[in-house]
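Here's the structure we're looking at; comments come further down.
Only heavy atoms go into these numbers, but all of them, side chains included; no hydrogens, no water, no symmetry mates. Letters A, B, ... mirror the listed sequences (proteins, then strands); counts begin at 1.
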2 protein chains.
Amino acid sequence: MARPREFDPEAVREAAIRCFWTRGYEATSIKELLEETGLTAASLYNAFGDKQTLFRIAFEHYIETGINARLRHFERLPPRQAIEGFVEDTVQRSLGDAQHKGCMVVNSALELAPHDAQVRAAITEVFERIESFFLRCVRAGQVDGTINAALSARNLARSLTTVLMGLRVLARVRPEKALLEGATAPVLALLAPAGQ
Amino acid sequence: MARPREFDPEAVREAAIRCFWTRGYEATSIKELLEETGLTAASLYNAFGDKQTLFRIAFEHYIETGINARLRHFERLPPRQAIEGFVEDTVQRSLGDAQHKGCMVVNSALELAPHDAQVRAAITEVFERIESFFLRCVRAGQVDGTINAALSARNLARSLTTVLMGLRVLARVRPEKALLEGATAPVLALLAPAGQ
DNA sequence: GCAATTTTATAATGATTATTCTATAATTCA
DNA sequence: TGAATTATAGAATAATCATTATAAAATTGC
């Protein structure tokens with residue numbers, strides 16, 4: 001019933017993710033977004049509202065593809081392997097991240113969460129989802145004997161979540177293999193049943 | 001030999017720390033700094049150079065008082081207590097931080113380190129200092145029998161450092177006592193010698 | 001008290017910020 | 001084909017950004 005848009009909204013969303021992920025929210029200007037997306041200001045505002053709305057759209061999609069999809073993937077593995085796999089995958093991603101972009105959720109947790117209730121709510125949800133992923137794995141592993149049943153499952157899950165966040169911080173400054181792998185080793189070793 | 005300045009440079013530095021700590025570098029405007037310090041633009045630029053220089057001065061002082069002084073304090077305790085004390089102190093600080101400002105070093109690690117080599121160098125130094133504090137404590141504790149000697153001291157130190165960073169991230173979003181204390185418990189329990 | 005020097009206050013600077021206005025182009029339904 | 005609708009391009013907007021120019025004020029050594 002009207003002129004069709006010339007751009008692909010998904011490609012624009014991906015370009016927005018690249019911008020906000022690399023520089024953060026404040027440091028990304030509309031000008032940069034226009035250059036990266038190839039849109040004009042009018043098209044971007046017409047299609048996405050304002051900068052804040054575009055960020056939220058990009059952020060939600062990052063959470064879905066960068067966090068939720070990964071959790072669903074590792075959740076299918078046996079519990080001990082699911083935990084190790086998710087942690088090791090995070091280390092690998094950090095080491096392979098040539099631009100040191102880190103994790104967009106962790107970055108936003110520091111830049112935006114304290115001053116933006118909506119972003120904080122989204123991040124809280126992510127953190128709780130990661131914690132409960134670990135919690136389910138630990139409990140299942142304690143049942144099938146692959147994880148030490150003497151430890152508090154809840155605290156272990158929280159500790160694993162915390163290590164994950166800490167890795168993302170360290171990696172933005174010192175993305176060194178020995179450091180990141182060394183940091184995870186004692187916590188992963190802690191999972192081992194008492195006998196072994 | 002000339003007109004004396006009317007302001008106290010140390011008070012200005014403290015005001016700058018408050019601004020940059022609360023909002024970060026980019027989000028803090030010169031206007032805010034002038035309001036918080038009570039200075040005029042001419043005075044601030046005359047005395048401190050530009051925004052970047054003022055940040056560096058504030059940041060260096062934060063590192064000295066907020067990190068180095070604390071490390072020196074806990075370093076005097078017996079090794080196991082030094083580790084536990086430093087970690088628990090960090091948890092307490094996070095819980096008592098009504099504005100959720102977090103740690104200025106961790107905040108800057110994400111906002112500035114990837115794009116500012118000088119800041120990255122300062123933060124790398126801090127992270128290495130924390131790691132070597134933990135390393136000295138772990139080794140001493142393994143010698144005096146208060147820490148499990150079967151574990152890799154280097155990896156334990158790295159793990160403790162990582163947990164510390166992770167706490168600062170979590171606390172900016174979910175500053176809950178049970179969460180932060182629960183997250184540290186397994187790693188601190190890990191230190192216990194095999195017998196106990 | 002005067003010259004020299006530095007700090008102040010005020011205003012102005014040019015650049016960049018996010019956002020919107022105007023007009024034209026491209027489509028669909030009738 | 002024409003009316004309605006939406007997308008585009010390009011320029012304009014007002015606000016804010018960090019920084020500096022100008023000139024008056026306050027001190028010291030002489």
Problem set entry | Rounded distance in Å - NZ (B/Lys51) to C1' (D/dT20) | 17 Å

Seminar exercise, completed: In whole angstroms, the gap separating P of D/dA9 from CZ of A/Phe7 amounts to 10 Å

For this session: Compare side-chain N and O positions of A/Tyr45 against OP1 and OP2 of C/dT19 and report whether any pair is under 4.0 Å apart.
Result: yes

Exercise. What nucleotide among C/dT10, D/dG10, C/dT19 has an atom nearest to a side-chain atom of A/Asp50?
Worked result: C/dT19

For this session: Would you kindly give the CG-to-P distance between A/Leu44 and D/dT6, to the nearest whole Å?
Result: 19 Å

Exercise. Nearest of C/dT10, D/dA7, C/dC21 to any side-chain atom of A/Arg5?
Worked result: D/dA7

Exercise. To the nearest Å, how far apart are B/Asp8 CG and C/dT8 P?
Worked result: 12 Å

Seminar exercise, completed: Picking from D/dT19, D/dA7, C/dA9, the nucleotide nearest the side-chain atoms of B/Thr40 would be C/dA9

For this session: Send over the distance from A/Arg23 CZ to C/dT17 P, rounded to a whole Å.
Result: 11 Å

Exercise. In whole angstrom, what separates A/Asn46's CG from C/dT20's P?
Worked result: 12 Å

Exercise. With under 30° as parallel and over 60° as perpendicular, where do the rings of B/Phe86 and B/Phe74 fit, or are they tilted in between?
Worked result: perpendicular

Exercise. Do B/Arg56 and B/Asp116 meet the salt-bridge criterion of a basic N to acidic O distance under 4.0 Å?
Worked result: yes

For this session: Go through C/dA9, C/dC21, D/dA18 for me and flag the one nearest to the B/Ile30 side chain.
Result: D/dA18

Exercise. Does B/Ser29 make a side-chain N or O approach to OP1 or OP2 of D/dC17 shorter than 4.0 Å?
Worked result: yes

For this session: Would you kindly give the CD-to-P distance between A/Glu26 and C/dT17, to the nearest whole Å?
Result: 12 Å

Exercise. Rounded to whole angstrom units, what separation is found between the CD atom of B/Glu32 and the C1' atom of D/dA18?
Worked result: 13 Å

Problem set entry | Minimum-distance nucleotide (side-chain atoms of B/Ala41 versus C/dT17, C/dT19, C/dA11) | C/dA11

Exercise. Could you give the distance from CZ (A/Arg174) to CG (A/Leu179), rounded to the nearest 0.5 Å?
Worked result: 4.5 Å

Exercise. From C/dT7, D/dC17, D/dT8, pick the nucleotide closest to the side chain of A/Ala42?
Worked result: D/dT8

Seminar exercise, completed: Residues at least two apart in sequence or cross-chain that pass ring pair (Phe, Tyr, Trp, His ring centres under 6.0 Å) with A/Phe59, listed by chain then number, are A/Phe55

Problem set entry | B/Glu26 CD to A/Thr28 OG1 distance, which is reported to the nearest 0.5 Å | 10.0 Å

